[in-house]
K.L.:
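Below are the C-alpha cells for one structure; questions will follow.
In this text, all values refer to a predicted model and were calculated from it rather than measured experimentally. A note on names: the letters A, B, ... follow the listed sequences, proteins ahead of strands, and every chain is numbered from 1.
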Amino acid sequence: MAWRKNCDSMITTPIYYINGDPHIGHAYASIAADIIVRFKRLDGEKVHFSTGTDEHGIKVARSAENAGIGVREFSDQASQKFREMSSAVNLTDHDFIRTTEERHRKSAQAFWKLLENDIYKGAYSGWYSARDEEYVTAEDVVDGKSPSGATVEWMEEESFFFRLSAYQNRLLEHYEKYPEFIAPISRRNEVIAFVKSGLKDLSISRNKFDWGIPVPDSEGHIMYVWIDALVNYITSLGFPNDLRRVSEAMSNCIHIVGKEILRFHAVYWPAFLMSAGITLPKRIFAHGWWTRDGQKMSKSVGNVVDPFAMITEYGLDPLRYFLFREIRFGEDGDFSETTLRKRISYDLANDLGNLVQRVLAFIQKLGGSLTVNYDFSIKEKELYALSRNLVERMRPLIEKQNLHGALDCAWELIAESNKFVSDMKPWELAKTDVARLNCVLTALCESIRAISFGLAPFMPDTTRKIFDFMNVDGKSFTEVERDFTNQRCNPPVPLFPREK
RNA sequence: CGCGGGGUAGAGCAGUCCGGUAGCUCGUCAGGCUCAUAACCUGAAGGUCGGAGGUUCAAAUCCUUCCCCCGCAACCA
C-alpha cells in the first residue's frame, strides 16, 4: 500500500457546451470521471474534481437571440441543466465551473498574458456566410453557398495568432517521452500523425461578435472559445493564484474527454501550457461515442438518449453500471434499452442482487447475526484471498482507466461466490455442522463486503444499501483489511427487484 | 498511392507485439440444486479466425497481395 499518495491530483470532465441539452454522452464522461475520483478517494487520495459548462461563442449568442432572451439569462438556464445532470448522476464532491464566471475571466486573461511571447497579430481569412454569421470551411462551400444555402464571401479580419507551429517538435518529443500521455493508443497514434503532418499557427481571437472574454488591452477582440474553454481546468485550481497547487495538481491530472475534442486537449492545450510555463497534465483519455440501437444519435432523427429519462426509468446505479460494463472504456458502443434491461436482470439482479440476498437472508433465518469463524478450510481460504485482493486487482486497471476490466474483476468474485454457495451447501451444514457453516458464512460476508467496496465507485447507492444491511461503515478501502467481528445483520431487501 | 482503426461461433468481443491443439459474455440445448429475486451451479452443440498466395515441422498470429467496413483529414463543441 506504499504507493498511496496524499498529494493533490485532479480529474476533469470536459466543460460542456451549453448549446444543446445534456445527453447520454455528457453523463457518460461525467460518470467516468466520477468513478475514478471515487476510487482514488476511497484509497485515501486527495483529488480535485472539476466539471462545468462552456458558455461563450457565437452559437450561444445566436441561440439566446432565437429564444428571445438575453444571452446572460440564456446561459444561466442552460448551465443549470448541466448542473442538474451532475447531481442526477450523483457526482461526488466537485467544482462546477462556468466560463462566464468572474474567476474564469480573470484566469483566462492572465493566461493569455503568459502566452504573449507566442502571440502575434495577423489576418484570419476564409469563406464567411453573413447570414449564418460564421466561417465555412472551403470543403463545405459548394457553388458559392454554405451548407445552409447562404451565399458566402471571402473575408479577412484582424486576428491574434498563437505560434503553434513552433511547438510541433516539442509536442512530438513529449508524446515520445510520455507514452501514457494520450490514451487509448489508437487515439495517440492519430494525434501523433496529425502533429507530424505539420502544425499551422492558430487563430485565437475573433472580432465579429462580443459574447466572450475580451483579449487583454485589445479593444474589440475576444478570445476564441477554445482557448477560453481549455483554461477552465486551471481556473478551477485557483489560477492565477496558488501556482504551486496548480502545477502540482496538473502534473497529476487526468483529463477525460470525448474523442471529438481530443485534438484540442492533446495538441493545443499542451502547447499553450508549454508556452505559459505550466506543468502539462499527466494523461488525456479520450472516450468513444454511443450509438442508439446501431444508429448515430442525432437531434433530427430524434433518437438522442436523455440521461434524465433513463435514470427515471431504470435507476441511476444500473445506468452507471451499464455504461461501463457494456463496452470497453475508450471504444464506441451501442446503447440499447433491450441490452440495458438484460444487464440489469442478469448481472445485477441474478448475479449480484441474488448473491447478497441468498446469503443475508440465510443469516436472518439463523437469527440475524453472523457468528464469525475464521478457522477456514482450503475452499474458504481461496474465496477469502480473492476477496481480500479484489481492490488490489482493480487498482492498476482504474489507474489505466480500464473501467470495464475493473468491473470484470468484481464480477469474477461474484461468480466465484455464487459457485461457492452451491458447492458448500450451507443449507445442509445448518443441520450438520454449525462450525463449518459459520466459516462458510464468514467467507461469504467477506466476499460480499469486498465486492461492495469494489463496486462503490461505480454504484455508490447500491454499495451503501449492502453496507447498511451488514452494518459496515465503508468510508475507506482500508476497512477491507479488517476481519469481521460478530455482528448483527439487518433483514435484506432485494437490491434490483424483478420488474412487475 | 493522405493517416489511422477494424473484418475471429447466431450477436458482441479477447487472443495477433513474443507462431505451437481457438477463448470470453450473451443466445441455444441438456442436466443438477432448492439457501435465494423461477435466481444459482454443471455440461454440450456451434468457428476451414474477410479472400488468395508465401515462409515454417507448425500461422488467427510473420511476409505479399486483394476485397469490405469505420473514424480522422486543421481552427467546426
K.L.:
Any chance the rings of A:Tyr16 and A:His26 have centres within less than 6.0 Å?
P.N.:
yes
K.L.:
Closest to the A:Arg328 side chain: B:C35, B:A14, B:A39?
P.N.:
B:A14
K.L.:
Indicate whether OP1 or OP2 belonging to B:G27 is found under 4.0 Å from a side-chain N or O atom of A:Tyr346.
P.N.:
yes
K.L.:
Between B:A39 and A:Arg498, is there an OP1 or OP2 to side-chain N/O distance shorter than 4.0 Å?
P.N.:
yes
K.L.:
For residues A:Phe285 and A:Arg187, determine if any side-chain heavy atom of one lies less than 4.5 Å from a side-chain heavy atom of the other.
P.N.:
no
K.L.:
Quote, to the nearest angstrom, the P distance that separates B:G51 from B:A38.
P.N.:
46 Å
K.L.:
Whole angstrom is fine here: how far is it from CH2 in A:Trp269 over to P in B:C75?
P.N.:
21 Å
K.L.:
Contact class for A:Arg188 (heavy atom, under 4.0 Å): base, sugar-phosphate, or nothing?
P.N.:
nothing
K.L.:
Between A:Phe322 and A:Phe335, is the ring centroid distance below 6.0 Å?
P.N.:
yes
K.L.:
From the options B:U37, B:C75, B:C40, select the nucleotide whose nearest atom is closest to the side chain of A:Leu495.
P.N.:
B:U37
K.L.:
Starting at atom CD of A:Glu190, determine the distance to atom P of B:A73, rounded to an integer number of angstrom.
P.N.:
9 Å
K.L.:
Is the phosphate of B:U25 approached by A:Arg343 (side-chain N or O, under 4.0 Å from OP1 or OP2)?
P.N.:
no
K.L.:
Give a yes/no verdict on base stacking between B:C35 and A:Trp427: centres under 5.5 Å, planes within less than 30° of parallel.
P.N.:
yes
K.L.:
Give one of base, sugar-phosphate or nothing for A:Ile204, where a contact means two heavy atoms less than 4.0 Å apart.
P.N.:
nothing
K.L.:
Taking only the P atom of each, what is the distance from B:G12 to B:U34 in whole angstrom?
P.N.:
39 Å
K.L.:
Compare the minimum distances between each of B:U37, B:C35, B:A39 and the side chain of A:Pro494, then state the nucleotide with the smallest one.
P.N.:
B:U37
K.L.:
Quote, to the nearest angstrom, the P distance that separates B:G15 from B:G6.
P.N.:
9 Å
K.L.:
Please work out if A:Ala430 contacts a base, only the sugar-phosphate, or nothing of the nucleic acid, heavy-atom cut-off 4.0 Å.
P.N.:
nothing
K.L.:
Given A:Arg98, which of A:Asn232, A:Thr235, A:Asp54, A:Asp76 fulfils the side-chain hydrogen bond (donor to acceptor under 3.5 Å, both in side chains) condition?
P.N.:
A:Asp76
K.L.:
Which one of A:Leu319, A:Ile31, A:Val304 satisfies the side-chain contact (heavy atoms from CB on, under 4.5 Å) criterion with A:Ile24?
P.N.:
A:Leu319
K.L.:
Donor-acceptor pair under 3.5 Å: do we get one between A:Asn354's side chain and the base of B:A36?
P.N.:
yes
K.L.:
Between A:Lys419 and B:U42, is there a contact of a side-chain N or O with OP1 or OP2 at under 4.0 Å?
P.N.:
yes
K.L.:
Mind calculating the distance between CG (A:Leu444) and P (B:C41) to the nearest angstrom?
P.N.:
13 Å
K.L.:
Taking the same atom, C1', in B:U8 and in B:C69, what whole-Å distance lies between them?
P.N.:
16 Å
K.L.:
Tell me whether the OP1 or OP2 atom of B:U25 has a side-chain N or O from A:Lys342 closer than 4.0 Å.
P.N.:
no
K.L.:
When you compare B:A9 with B:C70, how far apart are their C1' atoms, in angstrom units rounded to a whole number?
P.N.:
23 Å
K.L.:
Indicate yes or no: does A:Arg170 engage A:Glu173 in a salt bridge with an N to O separation below 4.0 Å.
P.N.:
no
K.L.:
Within the structure, does a side-chain N or O atom of A:Asn418 lie under 4.0 Å from either OP1 or OP2 of B:A39?
P.N.:
no
K.L.:
Taking only the P atom of each, what is the distance from B:U25 to B:G43 in whole angstrom?
P.N.:
11 Å
K.L.:
Looking only at atom C1', what distance separates B:G54 and B:G71, rounded to whole Å?
P.N.:
32 Å
K.L.:
Please determine whether a side-chain nitrogen of the Lys or Arg among A:Arg325 and A:Asp408 lies less than 4.0 Å from a carboxylate oxygen of the Asp or Glu.
P.N.:
yes
K.L.:
For A:Val225, report the nucleic acid contact type (base, sugar-phosphate, nothing); a contact means any heavy atom under 4.0 Å.
P.N.:
base
K.L.:
For nucleotides B:G27 and B:U65, find the distance between their P atoms and express it as a whole number of Å.
P.N.:
44 Å
K.L.:
If B:U65 has a Watson-Crick or G-U wobble mate with both distances under 3.5 Å, name it; if not, just say none.
P.N.:
B:G51
